[in-house]
Amino acid sequence: MQTIRIEHVTKRFGQLEVLSDIDFTIEKGEFAAIVGPSGCGKSTVLRMIAGLETASDGKVLANGNPIGKPDPQRVLIFQEHALYPWRTVEENVGFGLELAKVPAKERRERVGEVLDKVGLSGFQNYYPAQLSGGMKQRASIARALVMNPEVLLLDEPYGALDAITRLTMQNELIKLWRGSGKTVLLITHDIDEAVYLADTIYVMSPRPGRIISKVHADMPRPRNRNSAEFVKLREQIMGHLDIGTYTI
Ligand SMILES: Nc1ncnc2c1ncn2[C@@H]1O[C@H](COP(=O)(O)OP(=O)(O)OP(=O)(O)O)[C@@H](O)[C@H]1O
Ligand SMILES: [Mg+2]
């Protein structure tokens, strides 16, 4: 179980300040989401927690210890799926288990279970090129889930999915997370998705990204997207993002 702490983090790429004094904590077992405009540094935050990027100033901590490198307990699902084209679905999803020297029989069982969860059973022997865009994305989600990590870092995982699959996957994610003790940080452009899924939603400003608001969603689950409270939170977040409206 892991608490993730981002302590006064600033990130620069050369002269470009991408993140400015970001400070927040995701408690053990909490489901947090970040919404914010394109280019504000959301993926960079995730990459730092995944150990793929370091802070220019400030600290990135897991249970109080600096995160220095990638760790199989903290898995990042990328914005673009990244499957090996020469491996089948089963071989792609089982790759991490193979590296961890999990025996073939157990590997097949665990891969089978997660493929079932993401609706891909029967496609074990397909190659990525033989899958639809949404199926590829589900295979890449399966590849992370099969490792059973303590921390799940999701970068727009459902962006490429059709609306119906997206709703199904959101429910699957909640099922998987509830009672698991997993700490989740989800990046999404979809405000509804954030309010439907997360306990806490951080709203970021345009670059250099700052946290401009922390919104608590403590509605019981499953959440009703049409409830007064849901609508109110959605509007509150849209207000922070300053998207505005137009009149005819
Ligand atoms: N490795 C890098 N080298 C230089 N600049 C980078 C690097 N990675 C990201 N950036 C810059 O940091 C800024 C934030 O990028 P990031 O990918 O974190 O944004 P984002 O909020 O995830 O955007 P989107 O919503 O479009 O995915 C961008 O201006 C980008 O050009
Ligand atoms: Mg991004």
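Bear in mind the structure is a predicted one, so any value in this text is a computation, not a measurement. Both counts, for ligands and for their atoms, begin at 1 and track the order of listing.
Taking every non-hydrogen atom of Gly41 and a distance limit under 4.0 Å, the qualifying atoms of ligand 1 come out as 14 (C), 16 (P), 18 (O), 19 (O), 20 (P), 21 (O). Every atom of ligand 1 is numbered from 1 in the order shown, and the set under 4.0 Å from a heavy atom of Thr44 is 15 (O), 16 (P), 18 (O).
For residue Ser43, an N/O/S atom approaches the Mg ion (ligand 2) to within less than 2.8 Å.
Asn92 and Tyr126 are not linked by any side-chain donor-acceptor pair at a separation below 3.5 angstrom, with hydrogens and angles left out of the test. Of the N and O atoms on the side chains of Thr88 and Asn125, not one donor lies less than 3.5 Å from an acceptor on the other residue.
An N or O contact shorter than 3.5 Å links Gly39 to ligand 1 by distance. Looking at Cys40 next to ligand 1, an N or O pair under 3.5 Å apart turns up.
Using a 4.0 Å cut-off between heavy atoms, Val18 contacts ligand 1 through its side chain alone, with no backbone atom that close. The part of Arg207 lying near ligand 1 is the side chain, judged by heavy-atom distances below 4.0 Å.
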- Full working for side chain to side chain donor-acceptor pair (under 3.5 Å) between Arg210 and Ser205: CA-CA 5 Å; Arg210 298 165 203 272; Ser205 69; 4.8 Å; no

- Message: Could you go through Lys214 and Phe24, starting from their C-alpha distance and side-chain angles, then the distance that decides it, and tell me whether this counts as side-chain contact (heavy atoms from CB on, under 4.5 Å)?
- Response: CA-CA 9 Å; Lys214 177 179 180 180; Phe24 65 90; over 6 Å; no

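For the side chain to side chain contact (heavy atoms under 4.5 Å, CB included) criterion with Leu154, the lone passing option out of Thr188, Leu173, Leu197 is Leu173.
A salt bridge between Arg12 and Asp57 is present, with a side-chain N of the basic residue lying under 4.0 Å from a carboxylate O of the acidic one.
Assignment of His189 to the shell around ligand 1 is supported, since a heavy atom sits closer than 4.0 Å.
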